[in-house]
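Data block below; observations after.
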There are 2 protein chains.
Amino acid sequence: MAEQTVPEGFTTEQLAYVEDLAATITASGVQRMPSRIYAAILVSEEGSMTAAELAATLRISPAAVSTAVRWLTQIGMVSRRSVPGSRREQYVVDSDSLIRLIAHDTRALQSWVVGFGRGLGVVEPDGAAARRLTELQEFFGFLLEEMDGVMERWYARTRQQGAATPTGQPSPSRAARNR
Amino acid sequence: MAEQTVPEGFTTEQLAYVEDLAATITASGVQRMPSRIYAAILVSEEGSMTAAELAATLRISPAAVSTAVRWLTQIGMVSRRSVPGSRREQYVVDSDSLIRLIAHDTRALQSWVVGFGRGLGVVEPDGAAARRLTELQEFFGFLLEEMDGVMERWYARTRQQGAATPTGQPSPSRAARNR
DNA sequence: CAGGAACTTCACGATTTTGTGAATGTATTT
DNA sequence: AAATACATTCACAAAATCGTGAAGTTCCTG
């Protein structure tokens, strides 16, 4: 029962997990390819992979990698890193990038607030519809506000834990700005 | 400039807004038809519409209404209500249903927690990948926990406002800071 | 109890989406 | 400076999705 391996050092077990995790990510709205790529890099021991490695591991074309990576870097789930001695680029996933993405992705919530707000101009003032729209608008606005406090508490908690459990790893809080 | 109307009492202005709001909803992952239907009912003064009204207003087939409504009721964005003297059913939207949906939709967050957890079984123990997976798992678990507090504060706030401003005027609000 | 109205389900056609191969662009190395 | 190695873009084909019409089912009405 020697560990089955594939070109880039993933065991078949790990490969299966990558697909499994990708499915979960896909279920929350991300397209298939970006999900698979994100999952693969996340699971890789180094936390980074090159385009060629991704193509070989996931059995997809370089074109698919390119397209998916472009999307991933645009929204900030993955960052690029140039490798000094090579033309190759590495695509990096650190856990913080996803966390920050969720924390600061106010765009989604804001578009709801704006969207409901617009409705107040077209329905009967003080009517039942206006009341519904107002409540929803306020709720999403409230979530927006609350997100700050939530993240504050998260970072407080991680600081505390980070001090308690020295894993011998340099703090991963620094992430590369993409582009 | 008499108000242009369509069969079910929507002005063209309102119809345009319905499509606009539907687009926002669609942008966050909901399919087109469910989004349009939800938007239409939400904007309707009564907060409820029949299948026939929906079909006429949105110019779609009864089949499309049926399919979309089934999905909407399954996830809880819309509820059904039988009309006493008729075979017709009404589909109801109240602002609370969406709010509760978001508040209690722990399934999404939980599947992330579970998903990351599974990964810990296949990566090198105490390695960098394991550290990433653990942090993400903890983060989503944290969000799950925090959701309770957030909703508690929301309901406290609405109770307060309900007493103070019956029409639901948006009052300057501050983010909660305390635990 | 027959007729019909309302909703649902099913199979199909049309549209949209998605990934590939080939061509193109760009930077590094010799 | 030419060659080469990566990465990206484009057009197309395959595949998945979506909405419709028609048939089916269920429950009211007369």
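Reminder, nothing fancy here: chain letters follow the sequence lines and each chain counts from 1.
- Hydrophobic clustering places B:L109 together with B:L133 (ILVMFWY residues linked when any side-chain heavy atoms are closer than 4.5 Å, directly or through intermediates).
- One interatomic measurement links the two molecules: CZ of B:R59 to P of D:dT20, which rounds to 12 Å at whole-angstrom precision.
- B:I60 CD1 to B:I37 CD1: the interatomic distance, rounded to the nearest 0.5 Å, is 4.5 Å.
- Atom-to-atom distance recorded for A:I41:CD1 and A:T50:OG1 is 9.5 Å, nearest 0.5 angstrom.
- Using a 4.0 Å cut-off, no side-chain N or O of B:R88 falls inside it from OP1 or OP2 of D:dC27.
- The residue A:A51 sits close only to the backbone: its heavy atoms come under 4.0 Å of sugar-phosphate atoms, none of a base.
- Summarising the geometry, the separation between CG on B:L54 and C1' on D:dG19 is reported as 16 Å, rounded to the nearest angstrom.
- Closest to the side chain of A:S61, from the set C:dT20, D:dT20, C:dG19, is C:dT20.
- Atom CD in B:E53 sits roughly 12 Å away from atom P in C:dA6 (whole-Å rounding).
- Atom CG in B:L58 sits about 13 Å away from atom C1' in D:dG19, given to the nearest Å.
- Straight-line distance from the CE atom of B:M49 to the P atom of C:dA6: 15 Å, rounded to whole Å.
- For the pair A:S28 (side chain) and A:I25 (backbone), a donor-acceptor distance under 3.5 Å is present.
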Show your working on side chain to side chain donor-acceptor pair (under 3.5 Å) between B:T26 and B:S35 and close with a plain yes or no. CA-CA 6 Å; B:T26 298; B:S35 298; 3.2 Å; yes

Once Watson-Crick and G-U wobble pairs under 3.5 Å are found, how is DNA chain C written in dot-bracket notation, 5' to 3', with | for any base paired to another strand? ||||||||||||||||||||||||||||||

Given protein heavy atoms under 4.0 Å, the one-letter contact record of nucleotides 23-30 of chain C, with B base, S sugar-phosphate only and - none, is simply --BBS-S-

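- One interatomic measurement links the two molecules: CD1 of B:I37 to C1' of C:dC7, which rounds to 13 Å at whole-angstrom precision.
- Distances shown here put a side-chain N or O of B:R80 below 4.0 Å from the OP1 or OP2 atom of C:dT8.
- Ranking C:dC7, C:dG19, D:dT20 by closeness to the B:A64 side chain, first place goes to D:dT20.
- For B:A63, taking side-chain heavy atoms from C-beta onward, the closest of the listed nucleotides C:dC10, D:dT8, C:dA6 is C:dC10.
- Candidate nucleotides D:dT9, D:dA7, C:dT8 were compared by shortest atom distance to the side chain of A:T67, and D:dT9 ranks first.
- A heavy-atom distance below 4.5 Å is not found between the side chains of B:M147 and B:T106.
- Note: CD (A:Q90) to P (D:dC6) measures 13 Å, nearest angstrom.
- The side chain of A:R32 places an N or O atom within less than 4.0 Å of a non-bridging phosphate oxygen (OP1 or OP2) of C:dG19.
- Here the straight-line distance linking atom CZ of A:R153 with atom CZ of A:R157 works out to 11.5 Å at 0.5 Å rounding.
- Looking at every heavy atom in both residues, B:A39 comes nearest to B:A22 through CB-N, 4.0 Å.
- Separating the CD1 atom of B:I60 from the C1' atom of D:dG21 is a distance of 15 Å, rounded to the nearest angstrom.
- Minimum interatomic distance between A:S95 and B:E135 (heavy atoms only, all atoms of both residues): OG-OE1, 2.7 Å.
- When the shell of 6.0 Å around CD of B:E152 is examined, it contains 12 or fewer heavy atoms from other residues, nucleotides or ligands.
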